[in-house]
Protein chains: 2
Amino acid sequence: MPTMAKAGKELELLKQHLAKHNLKLTRQREQILNAFLKMEHVTAEQLYHILSKKDPHIGLATIYRTLKLLCETGMAQERHFGSQTLFDNVAHKGHHDHLICTSCGKIVEFQNCQIEQLQEEVAAQNGFTIQTHKLELYGLCAKCRS
Amino acid sequence: MPTMAKAGKELELLKQHLAKHNLKLTRQREQILNAFLKMEHVTAEQLYHILSKKDPHIGLATIYRTLKLLCETGMAQERHFGSQTLFDNVAHKGHHDHLICTSCGKIVEFQNCQIEQLQEEVAAQNGFTIQTHKLELYGLCAKCRS
DNA sequence: CTTTCTGCAAAAGCTTTGCATTACA
DNA sequence: TGTAATGCAAAGCTTTTGCAGAAAG
């Protein structure tokens with residue numbers, strides 16, 4: 001059943017991280033992970049509202065604490081867009097960058113291997129080894145331009 | 001005297017912006033612009049401390065208000081690194097991107113025309129017209145790797 | 001003179017922390 | 001049974017806003 005194996009991949013990753021740091025898997029952490037994995041990107045507040053419906057006593061602080069854990073595992077990545085702090089789901093689609101419309105706020109994800117390759121070259125020239133990167137292109141989408 | 005002309009270029013840009021929006025050029029705005037132009041990137045708090053020495057009664061709110069203006073002219077660009085909000089001086093060196101060491105915090109600026117060209121292509125494919133962009137590469141610098 | 005700015009202080013986010021209690025392993 | 005996690009509320013930061021007096025055009 002490869003489907004089931006795939007479904008639990010992220011949970012396994014979290015379990016590994018928890019075990020390595022002597023932390024515990026809780027009902028809340030699992031709920032937060034599951035809700036997070038369904039989204040492309042979320043704010044802490046958004047997750048809080050989604051989860052509050054199922055579990056009215058969940059705390060916003062727990063969301064923040066768990067999102068920090070997910071960032072440590074590499075599944076999530078913190079990103080600032082305007083005044084909002086978004087947490088990107090990197091597990092789902094792999095790494096992706098963003099095109100952001102400055103007029104309507106529309107966000108398009110994209111990937112480009114050539115750019116990534118050039119990034120590696122630039123880093124090497126400066127003696128750096130890349131761990132991760134963020135690329136955001138701001139402009140006007142087709143609708144807003146016309 | 002080309003030197004003087006060059007020195008006032010950014011001030012002219014600010015004056016234009018102010019005129020266009022029916023705003024006024026004040027002593028504080030000029031001071032903040034000058035201090036800002038001397039730096040590669042600063043936080044609002046840093047500018048506040050620098051300027052407090054000359055003018056003990058300057059307000060932090062004025063710094064924030066003026067930095068917002070500088071962003072609108074395009075001379076400054078807001079950037080989030082970790083928990084800090086930095087304001088980049090784009091006027092001085094033109095647009096540049098950043099290599100950031102996740103271990104020691106060292107920041108290296110760079111420019112790469114090929115990457116910029118590819119960005120344009122990606123944007124065009126998605127119907128976007130780019131206004132600006134941010135590229136940050138996070139990793140380990142030579143010292144921290146060894 | 002009229003409008004905009006400033007500094008101050010208060011307010012408003014958003015995120016983190018302290019603590020008693022609960023849940024995991 | 002011993003740690004670690006949770007929820008709540010309070011504290012902490014950074015950034016914004018309201019307002020009366022000051023300054024610019």
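Reminder, nothing fancy here: chain letters follow the sequence lines and each chain counts from 1. Side-chain atoms are counted along with the backbone in the values below, which use heavy atoms only and exclude waters and symmetry mates.
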Measure all distances between protein nitrogen or oxygen atoms and nitrogen or oxygen atoms of nucleotides 15-20 of chain C, and list the pairs falling under 3.5 Å.
residue	atom	partner	partner atom	Å
dT15(C)	OP1	Thr85(A)	OG1	2.9
dT15(C)	OP2	Tyr64(A)	OH	2.2
dT15(C)	O5'	Tyr64(A)	OH	3.3
dT16(C)	OP1	Lys68(A)	NZ	3.3

From [atom1] of [X] over to [atom2] of [N], roughly how many Å is that when rounded to an integer?
| X | N | atom1 | atom2 | result |
| --- | --- | --- | --- | --- |
| Glu30(B) | dA23(D) | CD | C1' | 14 Å |
| Ile58(A) | dA5(D) | CD1 | P | 15 Å |
| Leu51(B) | dT6(C) | CG | C1' | 14 Å |
| Leu14(B) | dC5(C) | CG | C1' | 14 Å |
| Ile63(A) | dC8(D) | CD1 | P | 12 Å |
| Gln31(B) | dA24(D) | CD | P | 11 Å |
| Leu69(A) | dA5(D) | CG | P | 8 Å |
| Arg29(B) | dG25(D) | CZ | C1' | 13 Å |

Say whether, by atom type as modelled, one donor and one acceptor occur between the side chain of [X] and the main chain of [Y] under 3.5 angstrom.
| X | Y | result |
| --- | --- | --- |
| Asp55(B) | His57(B) | yes |
| His49(A) | Glu45(A) | yes |
| Asn126(B) | Phe128(B) | no |

Does any part of the side chain of [Y], heavy atoms only, come nearer than 4.5 Å to the side chain of [X], both counted from C-beta?
| X | Y | answer |
| --- | --- | --- |
| Val42(B) | Leu86(B) | no |
| Tyr48(B) | Thr43(B) | no |
| Gln114(B) | Glu121(A) | no |

With rounding to the nearest 0.5 Å, note down the distance linking OG1 in Thr132(B) to CG in Leu137(A).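 So the gap between those two atoms works out to 9.0 Å.
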
Cluster overlap Leu18(B) with Leu70(B), hydrophobic side-chain contacts below 4.5 Å: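 Yes, same cluster.
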
Going by distance alone, is a donor N or O of one side chain under 3.5 Å from an acceptor N or O of the other, for Thr129(B) and Arg145(A)?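 Judged by distance alone, the side chains do pair up.
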
All N/O pairs under 3.5 Å across the protein-nucleotides 21-25 of chain C interface:
residue	atom	partner	partner atom	Å
dC24(C)	O3'	Leu25(A)	O	3.1
dC24(C)	O2	Lys24(A)	NZ	3.1
dA25(C)	OP1	Leu25(A)	N	3.2
dA25(C)	OP1	Leu25(A)	O	3.3

Strictly below 4.0 Å: does His57(B) bring a side-chain N or O up to OP1 or OP2 of dC8(C)?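 So the side chain of His57(B) is within the cut-off, an N or O lying under 4.0 Å from OP1 or OP2 of dC8(C).
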
